[in-house]
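Right, one structure below, let's go through it.
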Amino acid sequence: MRRDKNCGEIRETDIGSSISIAGWVFRRRDHGGLIFIDLRDRSGLCQIVFSPDIAGDAHTKAHDLRAEYVIAVSGEIRKRPEGTENPNIPTGMAELYVNKLEVLNEASPLPYNMEEAADAGEALRLKHRYLDLRRPEMQQNLIMRHRISKVMRDYLDEKGFLEIETPMLTKSTPEGARDYLVPSRLNPGHFYALPQSPQLFKQILMVAGMEKYFQIVKCFRDEDLRADRQPEFTQVDLEMSFVDRENVLSLMEGMMKKLFKDVMNIDVETPFQRLSFHESMERFGNDKPDLRFGLELKDMADLALKGTFKVFLDAINNRGMVKAINGKGMAALSRKEIDMLTAEAQSFGAKGLAWIKVKNGFESPIAKFFPEDVLKKMAERLEAKEGDLMMFVADKPKVTYDVLSRMRLALGERLNLIKPGYKFAWILDFPLLEWDEEESRFQAMHHPFTSPMDDDIEKMLSGNINDKDMLSSLKAKAYDIVLNGYEIGGGSIRIHRQDVQKKMFEVLDISEEDAKMKFGFLLDALQYGAPPHGGIALGLDRLVMIMVGATSIRDVIAFPKTQKAFCMMSGAPSTVEPKQLKELHIKTDVPVE
RNA sequence: GGGGUGGUAGUUCAGCUGGUUAGAACGCCGGCCUGUCACGUCGGAGGUCGCGGGUUCGAGCCCCGUCCACCCCGCCA
């Protein structure tokens with residue numbers, strides 16, 4: 001079998017030459033006399049023509065061709081007759097006149113129309129993933145993913161990083177996400193866990209003097225799925241020695257700059273905008289702000305105090321806050337439409353939504369609670385002009401931030417405020433610790449190996465572990481990288497001093513014994529000359545998703561799972577033979593109907 | 001675990017207030033067609049209305065349960 005060229009590469013310059021190509025039958029237009037076939041391979045489409053005058057034999061056989069038959073053809077490339085060129089495709093000036101047709105494989109009628117696959121049920125696409133992946137859009141996604149990985153791999157290689165593999169069969173880590181477990185046949189009753197990330201191993205590689213490590217690696221978390229979360233996903237994981245925060249940030253900025261230039265020919269602005277965690281919460285209500293549009297949250301507590309609206313005053317008196325956003329041009333909304341907005345806010349957890357229309361003065365059920373000059377100051381702060389709608393949420397900080405950040409995103413979309421492009425940000429100065437109400441103890445916001453800020457180390461070492469205010473004020477050398485409202489990665493400078501690590505466990509109320517059991521091998525390693533080190537992990541799936549403009553990471557993963565973590569194609573997970581369970585000393589305890 | 005949307009022909013969908021034989025388009029099968037590119041044209045086949053139960057003289061439509069897919073909350077250090 002010969003294959004001289006790819007379908008999508010046929011050009012005018014090929015006219016006159018005799019060549020062979022192969023691919024899948026995409027569309028056929030059978031005129032009885034002439035038969036036109038759009039032949040498709042990974043590179044694209046080209047039209048081939050069967051004529052009874054050229055090769056009666058091939059023409060007769062071509063009547064039986066159907067969608068997705070795999071064929072090889074040879075013949076002459078000819079210029080298309082005047083007026084029949086197709087300017088919509090790159091191969092549209094020429095066509096191949098077939099004199100020999102070889103049917104390499106037939107195809108059953110398809111379970112769904114591939115051309116309208118975007119509308120097909122996703123279950124169907126996932127079941128017949130090999131067909132879904134044949135679609136040019138999906139092939140483009142995976143080609144992009146390949147190129148993205150390659151650029152990052154090359155970049156890190158140039159910067160002196162070594163790609164080192166870490167174990168997939170590893171030790172369960174009790175904190176964090178639920179583990180996927182693998183039973184050990186040779187050690188009855190014992191289990192490996194699939195890694196949630198190579199965190200401990202990459203730090204050990206630093207102790208081992210590898211200095212710069214990276215890996216493009218699968219990670220596993222047994223938690224519920226979302227459009228941007230799969231049970232197995234890919235991280236671009238890296239760690240470096242003798243660095244501080246700035247080294248990691250500028251390394252990543254360089255990587256993103258090169259990535260977007262090489263893959264998409266887009267110039268990304270560096271350095272990235274930096275926001276403290278606190279500032280991000282204040283201005284956007286979350287720690288992964290979409291910076292492609294404004295609609296920022298403004299604090300209204302001081303102005304609220306100058307009025308007599310009880311809801312606002314109560315919120316402030318109960319350690320809450322009053323914040324607002326401004327809906328441009330939304331004063332035109334009817335009472336009914338505003339009621340629907342309120343219902344939306346309530347579905348996000350708010351008790352209600354207070355609003356003031358800027359329309360012939362101020363129009364609102366709550367306007368009467370505020371003097372005119374206060375209303376004017378509110379409008380001024382929100383930059384609200386005639387025709388705008390100011391929306392207020394008053395509640396505990398968590399609820400206020402959450403509701404308004406989601407209102408902001410919903411309105412940003414509805415009002416078409418989101419500008420195209422790619423807006424990166426670093427979120428910095430995270431709190432080191434987070435108070436867990438349920439367990440009534442502190443938890444590490446990032447993970448227990450994250451270093452406090454230099455200034456905070458002494459504060460922590462010398463402080464009392466029951467001093468809740470002091471501990472809450474500690475900041476971490478942690479950083480998240482955010483792109484268009486998605487957290488695409490995060491990392492930190494790690495603790496390399498034994499005394500600091502020991503204190504950290506004390507603060508987290510993890511006993512020495514517990515720590516030893518959970519992370520013993522890392523703690524051992526830290527005793528033998530650990531260099532200062534830090535790193536970051538990028539979520540490759542999310543990054544690729546954003547870059548190709550997909551709305552789910554399923555569209556950039558070759559074989560993803562459904563929301564119930566089921567593989568529609570292979571049928572995993574499944575029951576296994578009793579023999580297999582017996583070998584593993586496992587008895588199942590599943591309720592039967 | 002919770003909230004929402006959807007499930008009718010191979011596919012995408014329509015199906016009114018519960019009422020005769022459940023429709024359309026695409027696809028499929030057969031015929032015609034020498035410049036199409038979503039080719040055209042004539043004809044034909046194709047249905048466990050997701051599944052189970054209930055209400056009713058009568059259920060695709062109403063009620064209860066259940067399964068699957070998707071979106072979201074919880075969860076994801």
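Residue numbering restarts at 1 for every chain, and letters A, B, ... go by the order of the sequence lines. What you see below is based on every heavy atom in this structure, not just the backbone, and it leaves out hydrogens, waters and symmetry mates.
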Q. Now, which nucleotide makes the Watson-Crick or G-U wobble pair with B:rA38, with each of the two distances under 3.5 Å?
A. none
Q. Mind checking the P distance from B:rC73 to B:rC61? Whole angstroms is fine.
A. 33 Å
(Q) Does a side-chain N or O of A:R29 approach OP1 or OP2 of B:rG40 to a distance below 4.0 Å, or not? (A) no
Q.
Partner lookup for B:rC57, please. Criteria are Watson-Crick or G-U wobble with both distances under 3.5 angstrom; report none if nothing qualifies.
A. B:rG19
Q.
Closest approach to the side chain of A:Q47, judged atom by atom: which nucleotide of B:rU36, B:rU34, B:rU11 is it?
A. B:rU36
(Q) Please report the distance separating the C1' of B:rA14 from the corresponding atom of B:rG6, rounded so that it comes out in whole Å. (A) 15 Å
Q. In whole Å, what separates the P atom of B:rG15 from that of B:rG7?
A. 10 Å
Q: Answer yes or no for this row: A:H31 ring on B:rU36 base, centroids under 5.5 Å, planes under 30°.
A: no
Q: Using a heavy-atom cut-off of under 4.0 Å over every strand shown, decide if A:E85 touches base, sugar-phosphate, or nothing.
A: base
Q. With rounding to whole Å, what would you report as the distance between B:rC70 and B:rG50 at their C1' atoms?
A. 16 Å
(Q) With side chain to side chain contact (heavy atoms under 4.5 Å, CB included) as the test, pick out the partner of A:I15 among A:M93, A:R80, A:K79. (A) A:K79
Q) Rounded to the nearest 0.5 Å, how far apart are CG of A:L131 and CG of A:L124? A) 9.0 Å
Q) Looking across every strand, which nucleic acid part, if any, lies under 4.0 Å from A:Q230 by heavy atom: base, sugar-phosphate, or nothing? A) nothing
(Q) Could you check whether A:Y69 and A:D64, counting side-chain N and O atoms only, form a donor-acceptor pair closer than 3.5 Å? (A) no
Q) With both distances under 3.5 angstrom, what nucleotide forms a Watson-Crick or G-U wobble pair with B:rA69? A) B:rU5
Q: Could you let me know what B:rA77 is paired to, Watson-Crick or G-U wobble, both distances under 3.5 Å, or none if it's on its own?
A: none
Q. So, A:T400 versus A:D395: side-chain donor-acceptor pair below 3.5 Å or not?
A. no
Q: Any chance you could list the contact pattern along nucleotides 68-77 of chain B? Use B for base contacts, S for sugar-phosphate-only contacts and - for none, protein heavy atoms under 4.0 Å, 5' to 3'.
A: SSBBSBBBBB
Q | Ring-on-base stacking B:rU11 with A:Y112 (under 5.5 Å, under 30°) | A | no
Q | Atom-pair distance (CZ on A:F36; C1' on B:rC33), nearest Å | A | 12 Å
(Q) Return the pairing partner of B:rG44 with a 3.5 Å limit on both distances, Watson-Crick or G-U wobble; otherwise return none. (A) B:rC28
Q: Please state how far atom CD1 in A:I48 lies from atom P in B:rC37, giving the value in whole angstrom units.
A: 17 Å
Q) Between atom CG in A:D30 and atom P in B:rU41, what is the gap in whole Å? A) 15 Å
Q: Determine the interatomic distance between P on B:rG23 and the same-named atom on B:rG47; round to the nearest Å.
A: 13 Å
(Q) Rounding to an integer number of angstrom, what distance separates B:rG43 and B:rA25 when you compare their P atoms? (A) 12 Å
Q | Between OH on residue A:Y213 and CD1 on residue A:I204, distance to nearest 0.5 Å | A | 12.0 Å
Q. In terms of the angle between their ring planes, are A:Y180 and A:F220 parallel, tilted or perpendicular, with boundaries placed at 30° and 60°?
A. perpendicular
(Q) Determine whether a donor-acceptor pair (one donor, one acceptor, N or O, separation below 3.5 Å) exists between the side chain of A:N86 and the base of B:rC37. (A) yes
Q: Find which nucleotide of RNA chain B each of A:P109 and A:H63 is nearest to by heavy atoms, and output the residue with the more 5' nucleotide.
A: A:P109
Q: For B:rC29 versus B:rA69, give the span between their P atoms, rounded off to a whole number of Å.
A: 31 Å
Q. Salt-bridged, A:D509 to A:R441, with N to O below 4.0 Å?
A. no
Per-pair distances, 0.1 Å, donor-acceptor, side chain in residues 481-490 of chain A, under 3.5 Å, sequence neighbours excluded:
residue, atom, partner, partner atom, Å
A:N484, OD1, A:K423, N, 2.8
A:N484, ND2, A:G421, O, 3.0

Q: In whole angstrom, give the distance that lies between atom CD of A:E68 and atom C1' of B:rC28.
A: 15 Å
Could you give the side-chain donor-acceptor pairs of residues 404-416 of chain A under 3.5 Å, partners two or more places apart or in another chain?
residue, atom, partner, partner atom, Å
A:S405, OG, A:Y401, O, 3.3
A:S405, OG, A:D402, O, 3.0
A:R406, NH2, A:D402, OD2, 3.1
A:R408, NE, A:G294, O, 2.9
A:R408, NE, A:L295, O, 3.4
A:R408, NH2, A:D290, O, 2.8
A:R408, NH2, A:F293, O, 2.7
A:R408, NH2, A:G294, O, 3.0
A:R414, NH2, A:E344, OE1, 3.0
A:R414, NH2, A:E344, OE2, 2.9

**Q.** Touch class at under 4.0 angstrom, heavy-atom based, for A:P111 against every strand present
**A.** sugar-phosphate
(Q) Could you tell me how far apart A:E106 (CD) and B:rC29 (P) are, to the nearest whole angstrom? (A) 11 Å
Q: Respond yes when some side-chain nitrogen or oxygen of A:R125 is under 4.0 Å from OP1 or OP2 of B:rU11, and no when none is.
A: no
Q) Tell me: CG of A:L124 to C1' of B:rG6, nearest whole Å? A) 15 Å
Q | Residue pair A:Q47 / A:T91, side-chain donor-acceptor N/O under 3.5 Å | A | no
Q | Rounded interatomic separation in angstrom, taking CG from A:N88 and C1' from B:rC37 | A | 9 Å
(Q) What is the distance, to the nearest angstrom, from the CZ atom on A:R27 to the C1' atom on B:rC26? (A) 13 Å
Q. Distance between the P atoms of B:rG46 and B:rA24, in whole angstroms?
A. 14 Å
